[in-house]
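Structure first, commentary second.
By convention in this document, chain letters (A, B, ...) are assigned in the order of the sequence lines, proteins followed by strands, and residues within each chain are numbered from 1.
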Protein chains: 2
Amino acid sequence: MPRSTPSGKEPLSRARVLRAAIALADAEGIEKVSMRRLAEALGVVPMALYKHVADKDDLVDGMVDTLIGDVPPVAEPRPGKWRAPVRETISGTRDVITSHPWARRAFETRTLRTPAVLGYMERLSQIFLRAGFSADLTHHVMHLLGARIWGISPELFTAPDGVPMAQRRVTSGTPDPADYPGIMAIAADAAARRPGAASCDEDAEFDFALEVILDGIARLRRTGWDSGRSTRGQRVPSRSSRN
Amino acid sequence: MPRSTPSGKEPLSRARVLRAAIALADAEGIEKVSMRRLAEALGVVPMALYKHVADKDDLVDGMVDTLIGDVPPVAEPRPGKWRAPVRETISGTRDVITSHPWARRAFETRTLRTPAVLGYMERLSQIFLRAGFSADLTHHVMHLLGARIWGISPELFTAPDGVPMAQRRVTSGTPDPADYPGIMAIAADAAARRPGAASCDEDAEFDFALEVILDGIARLRRTGWDSGRSTRGQRVPSRSSRN
DNA sequence: TTGACGATGTGTACAGCGTACACCTATCGT
DNA sequence: ACGATAGGTGTACGCTGTACACATCGTCAA
């Protein structure tokens with residue numbers, strides 16, 4: 001391990017590279033993060049980065065991993081309690097991810113199994129397991145939460161107030177609001193409830209959806225669900241048995 | 001409008017470009033779809049594409065839009081019925097999207113409001129509205145469904161059987177399974193229930209989660225939910241009021 | 001003390017990308 | 001008959017990720 005004597009400048013390290021990349025993405029947007037620009041920001045030649053990062057993909061993986069590592073753990077839940085700890089854990093993740101605008105996209109794009117990501121999933125799973133959920137139920141409940149374990153949800157209606165919802169590219173036709181009366185009704189209703197707001201209250205929608213899902217989880221637990229029996233009577237011929 | 005007489009070869013068109021791009025993505029993966037390669041596949045010079053597509057982004061938007069346009073509509077639901085039509089609509093979308101491996105990523109990555117996409121959201125919204133849901137409830141229910149309206153859900157445990165879950169890049173440490181006892185317990189349980197399977201039954205998980213969510217929706221409707229009151233007693237200080 | 005080694009940073013080079021811009025040509029409306 | 005215009009061509013530019021050969025330097029064994 002070299003560079004024990006700081007010969008003028010701080011030596012590079014994976015952590016330093018990742019932190020710089022995150023800072024750069026925060027400041028200029030993730031699409032501006034190129035190996036060259038990042039190297040420049042670190043006062044180093046581009047190829048130097050490859051000593052600490054396998055390739056660009058690994059760089060972004062590392063950025064996401066670092067972010068998840070920053071999520072504060074919640075206090076050990078009291079026995080049998082799971083709802084509040086889950087809510088708080090996810091809320092903490094949402095805080096971290098939404099404070100880095102590029103992170104949501106990065107997260108949706110990759111299926112990471114890095115140490116911090118696995119550690120996070122472990123923590124969340126343990127909340128359920130320690131509250132007495134079976135491994136089976138915990139597994140399904142994690143799937144039910146889906147991307148919401150990362151505190152993210154898709155922006156469904158980018159601009160629910162009548163007009164600016166239409167901003168198509170030049171080459172294809174601009175959609176006509178009159179073709180979407182249902183959506184317009186929803187947009188009008190939402191706009192009436194939140195005067196002045198230009199789009200959905202994403203935080204409120206997230207909280208709402210999470211609560212409904214947590215209700216569902218509570219019910220599964222109460223009724224002693226396990227994957228042997230199905231949730232409900234009327235099921236469509238299950239896709240899994242269909243092909 | 002030129003080229004009315006077919007002078008040898010089929011003229012280019014936005015639709016033809018998009019179909020070719022989809023075919024190319026299906027065959028070689030979306031990352032291999034470059035303007036140059038696509039042009040070559042169409043027997044045309046790269047810049048020719050720009051007469052039908054604004055830029056690369058518009059190309060991918062168009063591909064996704066085309067795909068959604070291919071989702072077959074469901075029959076007009078009988079009055080008051082919403083659950084089966086919603087399930088069938090989403091199931092149809094899932095069929096389409098999962099048959100193009102690149103489409104899930106493409107969908108997660110972009111927030112599209114193209115005609116076909118809006119049309120699809122309109123159809124789904126109308127099922128609820130026509131079943132007597134208020135605009136308010138329909139709005140929230142769409143958010144609750146989230147990315148699942150596209151028939152997609154994240155791959156949470158890529159390989160839930162003990163070993164291959166660890167496949168990190170060279171530069172960062174390989175995670176140690178012993179650090180994740182909860183996840184390993186889940187993986188072991190899942191593996192025991194589906195011998196021979198290497199990963200989760202994504203279709204079954206999707207169906208399961210969708211049913212739980214539909215249960216939640218049914219309950220909201222039954223209890224006459226509206227966005228004035230909250231879902232349940234114990235709420236964390238709402239993020240929307242927190243900052 | 002020496003000297004080989006391994007880890008780190010440098011420099012050059014290359015193939016591939018998206019696309020701006022100028023151009024040619026065939027077609028259509030007048 | 002003719003100018004406008006839409007569609008296809010060719011060239012060129014700046015940017016990307018990264019392979020590869022090289023220089024530098026701290027560490028440890030001999």
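A donor-acceptor pair under 3.5 Å links the side-chain atoms of Glu122(A) to the main chain of Gly182(B), judged by distance alone.
In this view, Asp179(B) and Asp176(B) satisfy the side-chain contact (heavy atoms from CB on, under 4.5 Å) rule, not counting sequence neighbours. Applying the ring-ring contact (aromatic ring centres under 6.0 Å, His included) criterion to Tyr180(A), with sequence neighbours excluded, gives no partner residue. Judged as a side-chain hydrogen bond (donor to acceptor under 3.5 Å, both in side chains), and not counting sequence neighbours, the contacts of Arg19(A) are Asp70(A). For Ala185(B), there are no side-chain contact (heavy atoms from CB on, under 4.5 Å) partners, not counting sequence neighbours.
The distance between atom OH of Tyr50(A) and atom C1' of dT12(C), rounded to the nearest whole Å, is 15 Å. Between Leu42(A) atom CG and dT10(C) atom P the separation is 11 Å, expressed in whole Å. Summarising the geometry, the separation between CG on Leu12(B) and P on dA26(C) is reported as 18 Å, rounded to the nearest angstrom. The CG atom of Leu38(A) sits 12 Å away from the P atom of dT16(D) (whole-angstrom rounding). In this structure, Glu40(A) places its CD atom 11 Å from P of dC15(D), rounding to the nearest Å. Straight-line distance from the CG atom of Leu49(A) to the P atom of dG9(C): 9 Å, rounded to whole Å. Between the P atom of dA26(C) and the NZ atom of Lys51(B) lies a distance of 15 Å, rounded to the nearest Å. Atom C1' of nucleotide dT8(C) and atom CZ of Arg16(A) are separated by 13 Å, given to the nearest angstrom.
In the set dT9(D), dT10(C), dC17(C), dT10(C) carries the atom at the smallest distance from any side-chain atom of Ala48(A).
Pairs passing the salt bridge (Lys or Arg N to Asp or Glu O under 4.0 Å) check and including a residue from residues 34-43 of chain A, sequence neighbours excluded, do not occur.
The side chain of His52(A) contributes an N or O atom lying less than 4.0 Å from OP1 or OP2 of dG9(C). A sub-4.0 Å separation between OP1 or OP2 of dG18(C) and a side-chain N or O of Lys56(B) is present.
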Are any protein N/O atoms closer than 3.5 Å to N/O atoms in nucleotides 10-14 of chain D? If there are, list each pair with its distance.
none

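Separation of the Phe206(A) and His143(B) ring centroids does not fall under the 6.0 Å cut-off.
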